[in-house]
Amino acid sequence: MKPALEVKNLRKVYEGGLEALKGINLSIPQGSFYGLLGPNGAGKTTTIGIITGLVNITGGSASVLGFDSVTEFRQARKLIGLSPQELNFDVFFSIGELLELQAGYYGLSNKEAKERTTIMLEQFGLSEKRNSRARELSGGMKRRVQIAKALVHDPKIVILDEPTAGVDIELRHMLWNYLRKINEEGKTILLTTHYIEEAEQLCETVSIINDGKIIATDSPDKLTQAHGMSGLEITLTSEVADLTLDPWTYNNIDGKIHVNMNHPEKEMAKVINQILEQGGGIENVQIYKSSLEDVFLKLTGKSLHEKDEKFETQEALLNV
Amino acid sequence: MFSRGFWVIVKREVKRFMFLYKQTLLPSVISSGLYIIVFGAAMGSRIGEIKGVEYIHFIIPGLVMMSVINPAYQNSSSSIMQAKFLRFIEDILITPLSGLEISLSYIIGGTVRGVVNGALVLLLGYFLTGLQIDNWLLTFVYLFAVAWAFAGAGVIVGIYAKSWDSIMVITNFFFMPLIFLGGVFYSIEMLPEFWRNFSMVNPLYWMINGLRYATLGIAETSHELSLGISIIFAIFFSTLASFMFSKGYRIKT
């Protein structure tokens, strides 16, 4: 089966010499929920831009279900819906009209465009706002319109650039449920986010991108296992001389025993048994696990939260 | 030849200027009405006839061209500038439409506005001065070709411009002087030789001259050359605009 999105040795050098992508490879299977994580300026938006036709390619290739994003752009772009991070609304039209227009740009007939718009407005709880303008809506509603716009032509692949940036927790959870649902119904989703929890909750596979290169790709669980630390922290009631924990090694930190292992919850009983057999008394056992956030910090040396959050759209005067 | 999405952008462009009719349609009707009253009615009687045509009729083709050129240019340049500025141009760039289709749809949008404005001024000329059109088909061809040319120029400036200023600079420093020096209010035969020769290299002079031939049946110089120049400009600007759009110049990074 062809990958939904495939990027091979993709390079981008901007005018002025900034090398934003230094040869990245991605293969995103059909039906998957895929996350692209990276600090600001890592190349996430550039990658998405090249796939969707907003950014000119310098080298390498990008394809959508086998269609090249440059030479077969018509077929490729028809398959994708994009929700850009920065809200961008056509200011002359109501919510309903702008969704209908967007569907029309993709070639849907008037009737289909109207039907799809109605469905989108219902799914996002915006039916009553059909005739409102974007600037009259709250921030959360604007974000919903932004995502509805990406889905109105019913694309097979949905790319969401920071879809929950600046929305409250309630809406974030509503959007997560919605995205899970459409993923289960068969849509491939590529998501960029700087909320680690979002990637952990939603994504089957995550690629970490830093400084124009992909530095790790795996499921969130495996990434934390491979790059993070997990294990048991055991407080003993009394010291045990020459304690051995086969096959593990341990450290004694401030009188607490730290045993690193991949699956502490499974191995806990064995460890406890060995301590008891050697005459040790146990006061307390705790499992520790590093999060994807720790992994991210370790791999990139950067935190994901260095971001300057500005999500207000600029209100321009209606110049002719 | 063109996809459905292409016509949806055209529809969007037309809806946009209809929505803004107070800024996009009424001004040329009002200013042309004032020119007709002040120049035509008040001063025209003292100037008399030019080439057998009443002065008040003589100036109307120039006023029509003014109302074709500026709105056609303003429509495409402002629309693109605004879409760039508020970034909703991305919503169009990510669709299956080609750069050629997108640029032509903006050009057609501007052309429609130019032709509608020109037609409104002709209608005004009929009501205020009883103007009768000599050659309807040729009149339409001129309105269309000139609107197309300047809508194309508008796309080029819209792509190129980084601020609203640049758009107005072109109107104020290029189009308005060239229109006024293109013989809207006078026959170039009234000019001293130097300025008469100067008019000959002004493409807008030829466009006005050609429309005057189409509407009034009089021409100071070759009307065939006028038609040729109008069409060449239409082709040149729209080709350049489409080329820029296809390359993503200043639109894609």
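Note that this is a predicted model, so its numbers are computed, not measured. Letters go in sequence order (proteins before strands), and every chain restarts at 1.
In this structure, B:Thr95 OG1 and A:Arg77 CZ are separated by 7.0 Å, a value rounded to the nearest 0.5 Å. The line from CD1 of B:Ile9 to OH of A:Tyr105 is 6.0 Å long, rounded to the nearest 0.5 Å. Summarising the geometry, atom CD1 belonging to B:Ile94 is positioned 11.0 Å from atom CD1 belonging to A:Ile48; distances are rounded to the nearest 0.5 Å. Here B:Lys15 contributes atom NZ and A:Glu97 contributes atom CD; the two are 5.0 Å apart, rounded to the nearest 0.5 Å. Considering CG of A:Leu87 and CG of B:Leu86, their distance stands at 11.5 Å, rounded to 0.5 Å. Taking CD of A:Gln102 as the reference point, atom CZ of B:Phe88 lies at 11.0 Å (rounded to 0.5 Å).
The closest side-chain heavy-atom distance from B:Arg4 to A:Asn110 is below 4.5 Å. Put simply, the side chain of B:Arg12 reaches to within 4.5 Å of the side chain of A:Phe92, judged on heavy atoms.
Using a 4.0 Å cut-off between a side-chain N of Lys or Arg and a carboxylate O of Asp or Glu, B:Arg250 and A:Glu15 do not qualify as a salt bridge.
Using a 4.5 Å cut-off between heavy atoms, B:Lys247 contacts chain A through its backbone alone, with no side-chain atom that close. With a threshold of 4.5 angstrom between heavy atoms, A:Tyr106 approaches chain B through its backbone and through its side chain. With a threshold of 4.5 angstrom between heavy atoms, A:Gln75 does not approach chain B through any atom at all. Only the backbone of A:Leu108 comes within less than 4.5 Å of a heavy atom of chain B; no side-chain atom from C-beta onward does. Using a 4.5 Å cut-off between heavy atoms, B:Ser98 contacts chain A through both its backbone and its side chain.
Residues A:Asn88 and B:Glu90 share a closest heavy-atom pair of ND2-CB, 3.9 Å. The shortest heavy-atom contact between A:Lys149 and B:Asp91 is NZ-OD2, 2.8 Å.
Other residues, nucleotides and ligands place more than 12 heavy atoms under 6.0 Å from the NZ atom of A:Lys187. Residue B:Tyr160 qualifies as open at atom OH: its count of foreign heavy atoms under 6.0 Å is 12 or below. Residue-environment remark: CZ (B:Phe243) stays at or below the threshold of 12 foreign heavy atoms within 6.0 Å. Atom NZ of A:Lys22 has more than 12 neighbouring heavy atoms from other residues, nucleotides or ligands inside a 6.0 Å radius. The environment of CE in B:Met176 is crowded: more than 12 heavy-atom neighbours from other residues, nucleotides or ligands sit within 6.0 Å.
Interface check for chain B: of the options A:Ile80, A:Leu82, A:Leu98, A:Asp90, the most heavy-atom pairs under 4.5 Å are formed by A:Asp90. Taking A:Gly49, A:Ser109, A:Ala103 one by one and counting their heavy-atom pairs under 4.5 Å with chain B, the maximum is reached by A:Ser109.
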